[in-house]
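Working notes, structure below.
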Amino acid sequence: MSRELGTERELQATKAVIGELARHLDVNICLELWDGTIIPLGTGAKDDIRFVIASANVLRRLLRAPSLISVAELYATGDLDIVGANPVDAMRRVDHLQFLSLPKKINKVRMLKMALPILLKSYSVSSFVKRFTKTAAATPSSGRNDKEMIGFHYDLSNAFYELFLDKEMVYSSAYFPTPDSSLDEAQLNKLDLICRKLRLAPGDKLFDPGCGWGGLLCYAAQHYGVEAYGTTLSEEQFAHVKTKVANMGLGDRVKVELRDCRSLSDDQVFDKIAQVEMIEHVGIANHQDFYKYLRKHMRPRGVYFGQASFRRNTARPEDFPRLTPYMQFIIKYIFPGGELDHIGMTTGALEQAGFEVHEVEAVREHFGYTTEHWVRRLYDRREEGAALVGMPQTRIWLLYLSLCALSFHRGALNAFQVVATSRRSGASGIGFDRTTEYGGARRIDSGAPANVLKTA
């Protein structure tokens with residue numbers, strides 16, 4: 001990529017500005033300028049991992065428009081690069097709180113004088129950013145075109161997702177038996193845990209709205225003998241599930257349709273419903289109505305399982321709707337229309353919709369490990385990603401997944417599994433001893449009669 005690196009005056013101004021910022025920082029990272037100069041941002045900072053500034057345009061943009069979106073777009077286009085590590089390992093060395101506190105520490109007049117040679121020019125925006133922003137803006141801002149928003153994210157390319165997902169193509173938090181378990185092992189463990197939490201039994205009718213690439217549908221049908229039905233708005237996912245079901249010979253037990261999950265006929269009633277990390281696409285304002293809709297299609301005391309990502313609640317309720325820089329980046333480049341609630345909002349909406357909540361389990365650390373696996377796998381195959389969707393898009397995804405991993409590890413984001421039943425008077429049917437219920441999988445042999453259970 002051809003870049004205007006900057007004049008000698010701009011280079012010296014860049015060194016002066018970064019040197020001034022470094023006086024107020026103590027982080028274990030180094031910056032490398034386009035002339036090869038390496039500037040540590042902390043006492044004893046190692047230079048084995050370096051953030052590389054390719055031109056004066058980088059600092060010009062960050063000074064004029066300091067934001068996570070600016071950083072993301074500069075990284076996507078390669079103007080800001082990382083040498084020596086994948087993004088999640090590199091960002092582990094960055095104490096972002098120190099950077100957030102910089103405006104209060106620096107002498108702004110002194111900084112302005114130093115930066116003047118850089119600020120005299122306006123920063124340029126790459127053609128990639130202009131093209132991508134135009135694509136994202138095509139999503140309607142008034143109302144929700146859910147098919148278009150789902151397609152923006154999931155119809156990127158099945159082959160691209162295959163670069164970093166597990167063998168079952170499960171795009172949700174795994175459940176790790178141990179921190180060093182493989183991703184494939186942890187995802188199968190999660191699928192089985194969902195089946196156990198749902199108390200699946202042979203002959204149960206299971207509904208998976210927003211079924212992804214069909215991992216849970218096929219697993220539940222094969223190992224628990226259920227009749228599984230799923231919906232998706234993604235044409236890429238739909239094509240994948242159809243092929244997967246046919247290849248596994250599950251056509252008599254698994255059905256998937258390309259349709260909005262809210263368009264079921266009134267006579268479609270299910271014993272169990274699993275909603276795995278799709279509520280984020282529904283929109284917070286629609287949650288209660290959506291849960292009422294699900295309950296309408298469940299038998300009394302039918303079991304609901306939900307797994308989702310959550311934001312932490314705020315001290316003042318009026319502050320919660322404000323988008324964090326992280327969410328602004330996600331909405332612009334990854335999930336148009338995506339919204340995260342807090343766990344209290346979810347359990348409250350479920351109760352208001354007629355559910356009885358029985359279990360809430362925190363799984364945020366599992367999601368941290370999951371997204372970290374995804375980063376490493378995609379980073380190792382980034383050239384293949386570039387061939388499929390372009391290097392800028394691949395780098396945007398590397399940054400997105402890295403931010404997710406760190407957010408879950410640090411507790412900035414949460415993830416929970418929720419079990420509830422369609423409420424009615426009397427016993428819940430859930431049982432008393434969870435250690436016994438979840439102590440071992442209750443699966444059927446795929447070739448055994450549906451009413452023969454065994455302990456795995």
Side-chain angles (χ1 to χ4, degrees), residues 172 175 189-211 216-217 219-230 253-255 261 264 266-279 287-308 343-363 416-445 448-456:
S172 56
Y175 198 95
N189 188 49
K190 188 271 297 291
L191 292 178
D192 203 74
L193 180 61
I194 292 175
C195 293
R196 284 180 275 150
K197 286 193 172 187
L198 282 168
R199 283 77 176 170
L200 291 186
D204 275 349
K205 292 183 178 180
L206 170 67
F207 178 36
D208 183 355
C211 63
L216 178 60
L217 291 174
Y219 188 91
Q222 183 180 35
H223 296 293
Y224 284 81
V226 304
E227 297 178 25
Y229 171 67
R253 282 176 279 173
V254 178
K255 180 181 180 181
C261 62
L264 302 181
D266 290 341
D267 61 348
Q268 287 182 275
V269 177
F270 301 92
D271 302 293
K272 314 290 169 67
I273 293 180
Q275 186 181 48
V276 186
E277 290 172 33
M278 66 80 65
I279 193 67
H287 282 192
Q288 189 173 331
D289 286 342
F290 186 68
Y291 289 131
K292 286 180 180 177
Y293 175 83
L294 292 182
R295 185 172 183 265
K296 171 185 172 183
H297 290 277
M298 294 183 74
R299 65 167 174 80
R301 284 302 178 190
V303 184
Y304 165 86
F305 172 89
Q307 178 175 303
I343 185 61
M345 190 181 295
T346 288
T347 56
L350 281 167
E351 288 189 332
Q352 289 173 322
F355 285 90
E356 180 180 353
V357 177
H358 300 281
E359 303 169 14
V360 176
E361 180 180 0
V363 293
F416 292 94
Q417 292 182 346
V418 178
V419 175
T421 57
S422 178
R423 188 174 60 236
R424 68 178 298 179
S425 178
S428 69
I430 286 296
F432 295 95
D433 187 354
R434 303 294 194 270
T435 58
T436 299
E437 289 190 283
Y438 300 153
R442 299 175 65 247
R443 309 190 312 182
I444 63 169
D445 287 321
N451 60 349
V452 178
L453 295 176
K454 74 172 213 175
T455 299

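Along the sequence shown, the residues carry numbers beginning at 1.
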message: Within the supplied structure, the quantity of interest is the number of heavy atoms (other residues, nucleotides, ligands) at a distance under 6.0 Å from Arg299 CZ; does it exceed 12?
response: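 Enclosed: over 12 neighbouring heavy atoms sit under 6.0 Å from CZ of Arg299.
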Could you pull out the closest heavy-atom pair between [X] and [Y], with the gap in Å?
X: Asp271; Y: Gly203; value: OD2-O, 4.3 Å
X: Gln307; Y: Ser172; value: NE2-CB, 4.0 Å
X: Met298; Y: Phe355; value: SD-CE2, 3.5 Å

At what distance, to the nearest 0.5 angstrom, does [atom1] of [X] lie from [atom2] of [Y]?
X: Leu191; Y: His223; atom1: CG; atom2: NE2; answer: 9.0 Å
X: Thr347; Y: Phe416; atom1: OG1; atom2: CZ; answer: 9.5 Å
X: Met345; Y: Gln352; atom1: CE; atom2: CD; answer: 10.5 Å
X: Gln275; Y: Leu216; atom1: CD; atom2: CG; answer: 12.5 Å
X: Glu351; Y: Gln288; atom1: CD; atom2: CD; answer: 11.0 Å
X: Leu294; Y: Phe270; atom1: CG; atom2: CZ; answer: 10.0 Å

- prompt: Parallel, tilted or perpendicular: which describes the rings of Phe290 and Tyr293, with under 30° parallel and over 60° perpendicular?
  reply: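 Because their plane-to-plane angle is under 30°, the rings of Phe290 and Tyr293 count as parallel.
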query: Are Glu359 and Arg199 within salt-bridge range, i.e. N to O under 4.0 Å?
result: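 Yes, Glu359 and Arg199 are salt-bridged.
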Stepwise side chain to side chain contact (heavy atoms under 4.5 Å, CB included) test for Tyr219 and Lys190: CA-CA 11 Å; Tyr219 188 91; Lys190 188 271 297 291; over 6 Å; no
query: Can you name the residues that form a side chain to side chain contact (heavy atoms under 4.5 Å, CB included) with Thr421, not counting sequence neighbours?
result: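 Expected list: Arg301, Val303, Glu356, His358, Ile430.
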- request: Scan side-chain atoms only and decide if Tyr175 and Glu361 contain a donor-acceptor pair under the 3.5 Å cut-off.
  value: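 Distance-only check passes for Tyr175 and Glu361.
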Give the table of side-chain donor-acceptor pairs shorter than 3.5 Å for residues 204-211, with sequence neighbours excluded, one pair per line with atom names and distance.
residue: Asp204; atom: OD2; partner: Ala201; partner atom: N; Å: 2.9
residue: Asp204; atom: OD2; partner: Lys272; partner atom: NZ; Å: 2.8

- request: Would you sort out whether Ile343 and Val418 count as a side chain to side chain contact (heavy atoms under 4.5 Å, CB included), showing the intermediate values?
  value: CA-CA 9 Å; Ile343 185 61; Val418 178; 3.9 Å; yes
task: Determine, step by step, whether Val276 and Phe305 satisfy the side chain to side chain contact (heavy atoms under 4.5 Å, CB included) criterion, reporting the C-alpha distance in whole Å, the side-chain angles of both residues, the deciding distance to 0.1 Å, and the verdict.
output: CA-CA 8 Å; Val276 186; Phe305 172 89; 4.2 Å; yes
query: Only one of Lys296, His297, Arg295 clears side chain to side chain donor-acceptor pair (under 3.5 Å) with Ser422; which?
result: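 In the set Lys296, His297, Arg295, the residue that makes a side chain to side chain donor-acceptor pair (under 3.5 Å) with Ser422 is Arg295.
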